[in-house]
Trainee: 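Next up is a structure, given as structure tokens.
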Amino acid sequence: MSSAYGDTYNVKVTSGVLVTSDSAAKQILLHLDSMREGPYKFIIRDFNDDTHLMVKREYVEDIKELLQAELEKNTYIQDPNM
């Protein structure tokens with residue numbers, strides 16, 4: 001729609017998936033996203049709470065794999081020989 005003042009509706013619509021996680025997982029996701037550039041970033045919106053992010057739908061499976069890999073790096077496994 002246009003008016004005498006030009007285009008009055010400057011709307012940007014982006015499809016995404018709401019991710020709910022614990023605060024530690026959210027911080028890992030924010031870090032992983034910060035290491036990416038431009039169109040490879042997957043976070044659309046950080047809701048500035050401890051548990052919610054909006055991410056690009058096409059990256060959901062990649063995000064699950066990346067998060068799992070990070071969590072496995074930080075998991076303590078007891079040596080069975082001890």
Side-chain angles (χ1 to χ4, degrees):
M1 286 187 121
S2 292
S3 71
Y5 301 107
D7 186 4
T8 57
Y9 302 105
N10 186 11
V11 178
K12 180 179 178 185
V13 177
T14 304
S15 176
V17 175
L18 180 65
V19 174
T20 303
S21 66
D22 64 23
S23 58
K26 179 180 176 182
Q27 291 304 311
I28 293 170
L29 292 174
L30 288 168
H31 173 72
L32 292 171
D33 188 64
S34 73
M35 295 171 49
R36 294 172 167 240
E37 294 186 15
Y40 301 105
K41 289 188 171 285
F42 53 81
I43 294 177
I44 298 170
R45 171 118 192 227
D46 177 359
F47 290 99
N48 293 321
D49 64 6
D50 290 337
T51 59
H52 296 96
L53 293 168
M54 181 72 68
V55 300
K56 294 177 183 175
R57 182 177 308 278
E58 62 268 21
Y59 285 101
V60 170
E61 291 305 316
D62 292 341
I63 292 168
K64 288 178 184 178
E65 291 173 11
L66 289 167
L67 183 58
Q68 186 63 37
E70 284 299 312
L71 293 173
E72 286 175 5
K73 284 185 200 175
N74 296 311
T75 300
Y76 174 75
I77 300 173
Q78 186 173 359
D79 185 352
N81 298 321
M82 296 185 93

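Atom set for the values below is all heavy atoms of this structure, side chains included, hydrogens, waters and symmetry mates excluded.
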Trainee: State which residues pass salt bridge (Lys or Arg N to Asp or Glu O under 4.0 Å) with K64; sequence neighbours excluded, sorted by chain then number.
Mentor: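 Partners of K64 by the salt bridge (Lys or Arg N to Asp or Glu O under 4.0 Å) criterion, ordered by chain and then number, come out as E61.
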Trainee: Which residues satisfy the side chain to side chain donor-acceptor pair (under 3.5 Å) test with E72, sequence neighbours excluded?
Mentor: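 Applying side chain to side chain donor-acceptor pair (under 3.5 Å) to E72 gives Q68.
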Trainee: So how far is it from I43 CD1 to L29 CG, rounded to the nearest 0.5 Å?
Mentor: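 Rounded to the nearest 0.5 Å, the CD1-CG separation comes to 6.0 Å.
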Trainee: I need the full list of salt bridge (Lys or Arg N to Asp or Glu O under 4.0 Å) pairs touching residues 16-30, with sequence neighbours left out, sorted by first then second residue.
Mentor: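 As it turns out, the salt bridge (Lys or Arg N to Asp or Glu O under 4.0 Å) pairs with a partner in residues 16-30, which skip direct neighbours, are K26-D46, K26-D49.
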Trainee: Kindly write out the residues that satisfy side-chain contact (heavy atoms from CB on, under 4.5 Å) with R45, not counting sequence neighbours, or none if the list is empty.
Mentor: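 R45 satisfies side-chain contact (heavy atoms from CB on, under 4.5 Å) with F47, M54 only.
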Trainee: What heavy-atom pair brings S15 and I44 nearest, and what distance separates the two atoms?
Mentor: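 Nearest pair, atom of S15 first, then I44: O-CD1, 3.6 Å.
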Trainee: So how far is it from R36 CZ to D62 CG, rounded to the nearest 0.5 Å?
Mentor: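 Output value for this atom pair is 6.5 Å.
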Trainee: Go through the structure and list residues passing salt bridge (Lys or Arg N to Asp or Glu O under 4.0 Å) with E70, not counting sequence neighbours.
Mentor: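 Testing E70 for salt bridge (Lys or Arg N to Asp or Glu O under 4.0 Å), a comparison that skips the adjacent residues, returns K73.
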Trainee: Once side chain to side chain donor-acceptor pair (under 3.5 Å) is applied, do any residues pair with E65, and if so which ones, sequence neighbours excluded?
Mentor: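 E65 satisfies side chain to side chain donor-acceptor pair (under 3.5 Å) with no residue once adjacent residues are dropped.
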Trainee: Report the distance from atom CG of L67 to atom OG of S21, rounding to the nearest 0.5 Å.
Mentor: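 Those atoms lie 7.5 Å apart.
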Trainee: Taking all non-hydrogen atoms of both residues, which atom of K56 and which atom of K41 are closest, and how far apart?
Mentor: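 Closest pair (atom of K56, atom of K41, distance): NZ-O, 3.0 Å.
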Trainee: If you measure from CG on D33 to CD1 on I63, what distance do you get to the nearest 0.5 Å?
Mentor: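 That separation rounds to 8.0 Å.
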Trainee: I28 and L18: same hydrophobic cluster, using ILVMFWY side-chain contacts below 4.5 Å?
Mentor: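 In one cluster with I28: L18, no.
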